[in-house]
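The structure appears below as C-alpha cells.
By convention in this document, chain letters (A, B, ...) are assigned in the order of the sequence lines, proteins followed by strands, and residues within each chain are numbered from 1.
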Amino acid sequence: MNRQDISETAISIGSTTNLLKRDWLPIMIVIAAALIALAFVGSPSIWLTLTLAGLAMGMMVFIVASGLTLIFGLMDVLNFGHGAFVTVGAYLAYAVLTMMTGLTVADNLLLNVLALIAVVVVAAVGAGLLGWIFERIIVRRVYGDHLKQILITMGGMIVIEQVVMMIWGSQEKLIQLPTSLRGAFVMGDAVVEKYRLLVVVFGSVLFLAMYFSLSHTRIGLLIRAGVEDAEMIQALGYRIRRLFVGLFVVGSGLAGFGGVMWVFYRGTLTADIGGELMILAFIVIIMGGLGSITGCFISAILVSVVANYVAFLVPEMAMTSTIILLVAVISWRPRGLFPLTKR
Amino acid sequence: MTQPILQLENVHTYIEQYHILQGITFDVAENGFTVIVGRNGAGKTTTLRTIIGLWQAKSGTVKLRGQEIQGQATSEIARAGVAYVPENMGIFGDLSVRENMILAARRGKFDTDRLEWIFGLFPPIKKFWNLAAGNLSGGQKQMLAIARAIIEPSDLLLIDEPTKGIAPAIIEDMIDAFLELKRMQTTILLVEQNFSFAAALGDDVVVIDDGQVVHRGAMDTLSSNPDLQQQYLGLALNE
C-alpha cells in the first residue's frame with residue numbers, strides 16, 4: 001500500500017467487507033421459508049398474494065422497529081413508550097389529511113402523492129419533536145436503569161395517549177387512502193394491493209438509506225461503534241449524549257412515519273394504535289440482534305411472512321408461529337440473527 | 001524538575017458501595033513514562049478510569065496541566081488531550097481496522113506521515129487495514145487499540161494492561177513500540193501487572209495496594225531492589 005492509497009482509503013468511509021463473506025444464512029432462511037410455503041400453499045397466485053401481504057406487514061414493523069433497535073442498541077434504553085410516537089404520527093396524519101381532503105380525493109396521482117408526502121413529513125417531524133421532549137423530560141433521568149426505563153416510558157406513553165384523546169376524542173376515526181393508491185393490480189390470478197406495494201417500496205428504500213448511512217457516513221460509523229462500545233466512543237472524544245438525543249429524535253420520527261403507514265393499512269384510528277405493533281417490534285429487534293438494522297429488516301420480514309403463511313395454512317397457529325420462530329432463532333443465535341452488542 | 005502534566009490529590013472513588021480508591025495521590029511528569037503496578041484488585045484500573053472520567057471520584061482533585069478535570073465528561077477529558085486504551089482494548093469488532101482508525105482521527109482526516117509512522121510501529125495495522133477488527137488476534141487488537149490512541153497527538157496516553165493475554169513475542173514488539181513512543185517524548189501512564197515489562201519501560205513507578213499509593217519514585221530504585229519488590233508486590237524481578 002503506498003502513501004497515495006493510504007490517503008485515499010483513509011478519507012473515504014465505507015464498508016469494505018467482501019459481500020461473499022457476509023452472513024447470508026438468515027436471508028437464506030427467509031427464502032427457504034417462502035419456498036416451503038409455496039409447496040404447502042400450492043397455488044402460486046395465492047402464495048404471491050400472501051407473500052406480498054407479509055412483506056408489506058414486515059416493512060411496517062421494520063419502519064417502527066428500526067428506530068427502536070438503534071435506541072435500544074446504542075443507548076441501552078428500553079423505550080416501552082415508543083408506541084406513543086406511532087400514535088402521534090398516525091393522528092398527525094389524520095389531522096393533515098383532514099386539511100388536505102381536496103388533494104387526497106382528487107383523481108390525480110401527482111396530487112395524491114404530494115398529499116402523502118406532506119402527511120409523512122408532518123407526522124415524522126411531529127413525532128421526532130415529541131421524541132426530543134420525551135428524551136429531555138423522561139428518558140434522560142433514567143439512563144442505565146432498565147426497570148425505571150420500563151416504568152417511566154410506559155407511563156409516558158399512557159400520558160401521551162390520554163393527551164391525544166383529549167385533542168382528537170376517543171371515538172374511532174376512519175382514514176382513507178388517497179384515491180390513486182386504492183385498489184389493486186391483478187396479475188393473472190394474483191391480486192396485489194397498490195398500497196401494499198407502496199409500503200414495500202417505502203420500507204425497502206428506508207432500509208437501503210439507513211444501511212448506506214450506517215456504512216458510508218461518519219455519523220453512521222459512530223452509531224455502529226457506539227452500539228458495540230458506547231464508553232469507548234466517549235473516550236475517543238465524542239459527545240455521545242448529543243448522538244443519543246439525535247438518534248432518539250430520528251427513532252421517534254421513524255415511529256411517526258410507521259404510524260402513517262400503519263393507519264392507512266388499518267383504515268381506522270384509535271389512541272391505542274401504537275401499542276398494537278410494539279410486541280412485534282420488540283420481538284423483531286431481539287430476533288434481529290440489538291442495534292442491527294439488517295437484523296431488524298430481515299427478522300421483520302421473516303416474522304411477518306411466516307405469520308401470513310401459517311395464518312392461511314393453520315389459522316389457529318398464526319400467533320403461536322411468531323413465538324416459536326423467536327424461540328428457535330434465540331436458541332440458534334442467542335444474541336440474534338446479526339449480533340452487534342454483547343447483550 | 002519537569003512540571004507534572006497530571007496531578008492526583010487525595011482521590012477517593014466508590015463503585016456502588018465499595019470504596020475502591022482511598023486517597024490516591026501522585027503526579028505524572030511531562031514527557032515521562034510512569035507505570036502503576038500493584039496486585040489484582042488494588043485499584044489500578046479504577047485509577048485510570050477515574051482520570052478519564054468513566055468513573056467519577058467522590059472527592060479529591062485530578063488536574064491536567066493545572067486545570068481541574070475531575071467531574072468533567074469523558075469526551076471533554078479526551079478532547080483536553082488525554083488518550084485512553086482500556087483493559088478490554090475497546091476495539092469495535094464490527095468495524096474494519098481502517099474504520100476504527102477513522103473514528104480515532106476526530107478531525108476527519110489522517111496525517112499521512114503519522115499514519116506511516118504508526119504502520120512502521122505496528123505493521124499488522126497496515127497489513128489488515130480493510131479487515132474487520134473482530135477478526136484480529138489478541139496481540140493485533142492491542143496494537144490497533146494503541147495505534148488508535150496515538151493517531152492524533154495527545155498530551156497524555158493512558159494504557160491499561162497492554163500485555164494481558166498477549167503472546168511473549170508480541171510483548172517484545174510492544175516494548176519496541178513503547179520505546180519508540182518514549183523517544184518521541186509521549187507522556188505515558190501505564191497500568192501493568194507484568195513487572196518485567198513495566199521495569200523495561202518505566203521512568204517512574206507508582207505502587208498501589210488496597211486503593212492507596214504505598215510507594216512512588218524512580219523505577220530504577222524499585223527494579224534494582226528485590227527487597228522493595230517483595231515488600232510492595234510480593235515478588236522479586238530476579239527470582
query = Once you round to the nearest 0.5 Å, how far does CE of A:M232 lie from CG of B:N88?
reply = 8.5 Å
request  = Nearest 0.5 Å please: distance from the OH atom of B:Y84 over to the CD atom of A:E231.
outcome  = 7.0 Å
inquiry  = Counting only non-hydrogen atoms closer than 4.5 Å, does A:I240 touch chain B with its backbone (N, CA, C, O), its side chain (CB onward), both, or neither?
reply    = neither
remark   = Most contact-rich option vs chain A, by heavy-atom pairs under 4.5 angstrom, among B:A105, B:G93, B:A80, B:G53, is B:G93
inquiry  = Within a 6.0 Å radius of atom CD1 on A:I330, are there more than 12 heavy atoms belonging to other residues, nucleotides or ligands?
reply    = yes
query = In Å, rounded to the nearest 0.5 Å, how long is the span from CG of B:L103 to CD1 of A:I233?
reply = 5.0 Å
note = Scored by heavy-atom pairs under 4.5 Å with chain A, the best of B:I77, B:T74, B:L158 is B:T74
inquiry  = Working to the nearest 0.5 angstrom, can you tell me the gap between A:L221 CG and B:F92 CZ?
reply    = 9.5 Å
request  = If a pair satisfies side chain to side chain donor-acceptor pair (under 3.5 Å) and one of its residues is in residues 132-150 of chain B, list it, with sequence neighbours excluded.
outcome  = B:N100-B:R148, B:S137-B:Q140
query = Is B:R106 close to A:L236 at the side-chain level, that is, under 4.5 Å between some pair of heavy atoms?
reply = no
key: Those residues that, when tested against A:F244, pass ring pair (Phe, Tyr, Trp, His ring centres under 6.0 Å) (two or more places apart)   = A:Y143
Part of B:E76 lying under 4.5 Å from any heavy atom of chain A = side chain
message = Just verifying a value: how many Å separate A:Q234 CD and B:R79 CZ, rounded to the nearest 0.5 Å?
response = 12.0 Å
B:E16 CD: over 12 foreign heavy atoms closer than 6.0 Å = no
inquiry  = Taking side chain as everything from C-beta outward and backbone as N, CA, C, O, which of these in B:A104 sits under 4.5 Å from a heavy atom of chain A? Side chain, backbone, both or neither.
reply    = both
ask   = Considering all heavy atoms of both residues, which atom of B:L95 and which atom of A:E228 are nearest to each other, and what is their separation?
value = N-OE2, 4.0 Å
remark   = Between A:A235 and B:A78, the two heavy atoms sitting closest are O-CB, 3.3 Å
inquiry  = Using a 6.0 Å cut-off, check whether atom NZ of B:K182 has over 12 heavy atoms from anything other than its own residue.
reply    = yes
